[in-house]
Amino acid sequence: MSRPTPLRDVHESLGATLTDFAGWLMPLRYGSESAEHRAVREAAGLFDLSHMGEIFLTGPQAGQALDYALVGHLSALAPGRARYTMIVNERGGVLDDLIVYRLGDEEFMVVANASNYERVAAELRERATSYDAEVDDRSARYALIAVQGPRSQEILATLTDADLDGLKYYAGLPGVVDGRQALIARTGYTGEDGFELFVANEDAVPLWHALTAAGEPYGIKPAGLSSRDTLRLEAGMPLYGNELSERLTPFDAGLGRVVKFDKPGDFVGRSALEAVKDDPPRRRLVGLVARTRRVPRHGYPVTKDGVVVGEVTSGAPSQTLGKPIAMAYVDTGADSGLAVDIRGSHEPMDLVELPFYRRNK
C-alpha cells in the first residue's frame, strides 16, 4: 500500500492524478503536465518532494564517517554548504546519488532518493560503526516542498526575511517561512533557480497554502511527477534507476568528477573505482533529439545501420524544444547516423551534448 505524504488531502482537493512512486502516493499531474512544465520554465512551480529521505549524521567524527561511506570529501564541506555525491558498493556500483548538507561543525544531513533511503540509512549505519558519529533516519519527521522557476525568489521573499540573495547555489540556511521554522536550500532538479523547504510534517499544509497564495500574482502552479521528469530530462540530470544503477559506476555515468581520490583515508569502493578510473568508457551518456514526432522511451534500443549500439535511459516530448528528446548510453565512437528502434521502426536521431536546456542566469 502506497504511503501518503502530509500533503495528500491538498493534492486530492486540487484534483491531482495520484500514482504510486517508490512506495509513496504522489501527484502525477494536476491537469495539464505541459502547462505545469511551462509554468516552471516561465514563472514558478510548486512541488511536493516529501517522499525523499533525510538522514542525519552527528558527532565529532561525522565528517570522517561520511568521507569513508561516500565517494565525496564531505569533511571539507563548509557549514551551510551542500554537495552532490554518491554512495557505491565495494565494486563501485552506484547505490544512490545524494545531496549532503553540512548544517554545523558536527551535523550533516544526507538527502536520498525515495526508492533507496532505507538502504542508504542502513549502509551509513554500518559504515559509521568505527567512527564517533550517530546515524539517525529522520525521514518520517520531515516534509519537503520545492518552489522552482525564475520567479521563485520573488515569491519566497514575500514569506521570509532570510537572506535569499546571499544563499548560494548548493547551500542551505535555517530560516522562518510564513512563521514556520524551515531549512531553506537552493539546489534544484529542474534546470531553473529554486528553493527547497524542509519543514516539520505539521507545517506542510499551511506552508503549501501560503506559497500558493504568495505565488498567485506570479503565475505559480502546482506541479507533479510528470513535469518534474520532463524538466530534469531537459536539464540533463540523472534519475536513479534510469541513468544510474548498481550496475554502473560514477565513471560509467560520466560523473567521475564526484569521486575524490585525494581525500584522506580509505572509502568504500575506492580500490574498484581506482582500477577503472583511467579506462576508456565503453559507452557514454548522450542526448538524442528526434527528427520525427515519435518519442523514444526508457529501454528502447539505439541503433546505427541497423545494429544496436546503445539503449535509451529516459525519453519524453520536450516542451521547451518542441521535439522528443532522450538520454541514452551509446557505444563510444557512435557519433552519427543514430536511430531509436520504436516498435520496429528505426526513427532517426541527432546526437547532442547534454544538457538540452540551460537557463539564462
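All values reported here derive from a predicted model rather than from experimental measurement.
- You'll find the side chain of D20 stays beyond 4.5 Å of the side chain of L25, heavy atoms only.
- Around atom CD of E246, more than 12 heavy atoms belonging to other residues, nucleotides or ligands sit under 6.0 Å away.
- The stretch residues 76-86 participates, sequence neighbours left out, in these side-chain hydrogen bond (donor to acceptor under 3.5 Å, both in side chains) pairs: Y84-D97.
- In terms of heavy atoms, D331 sits closest to R283 at OD1-NE, 2.8 Å.
- Salt bridge present: R180 and D178 bring a charged side-chain N and a carboxylate O closer than 4.0 Å.
- Applying side-chain contact (heavy atoms from CB on, under 4.5 Å) to F47 and the options P222, P27, S227 leaves one that passes, S227.
- We find that E274 and K277 are not joined by a salt bridge, their nearest charged nitrogen and carboxylate oxygen being 4.0 Å or further apart.
- Counting heavy atoms of neighbouring residues, nucleotides and ligands inside a 6.0 Å radius, atom CZ of R91 does not exceed 12 of them.
- Contact of the R257 side chain with the L255 side chain is registered, since non-hydrogen atoms from C-beta on lie closer than 4.5 Å.
- A side-chain N or O of Q148 and one of E196 form a donor-acceptor pair less than 3.5 Å apart.
- Surrounding NZ of K221 are at most 12 heavy atoms belonging to other residues, nucleotides or ligands under 6.0 Å away.
- Of all non-hydrogen atoms in Y240 and V94, the two that sit nearest each other are OH-O, 2.8 Å.
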**Request:** Check step by step if side chain to side chain contact (heavy atoms under 4.5 Å, CB included) holds for Y142 and D203.
**Result:** CA-CA 9 Å; Y142 284 95; D203 290 331; over 6 Å; no
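- A salt bridge between D335 and R284 is present, with a side-chain N of the basic residue lying under 4.0 Å from a carboxylate O of the acidic one.
- Cation-pi geometry between R138 and F56 is met: under 6.0 angstrom from the ring centre, within 45 degrees of the axis.
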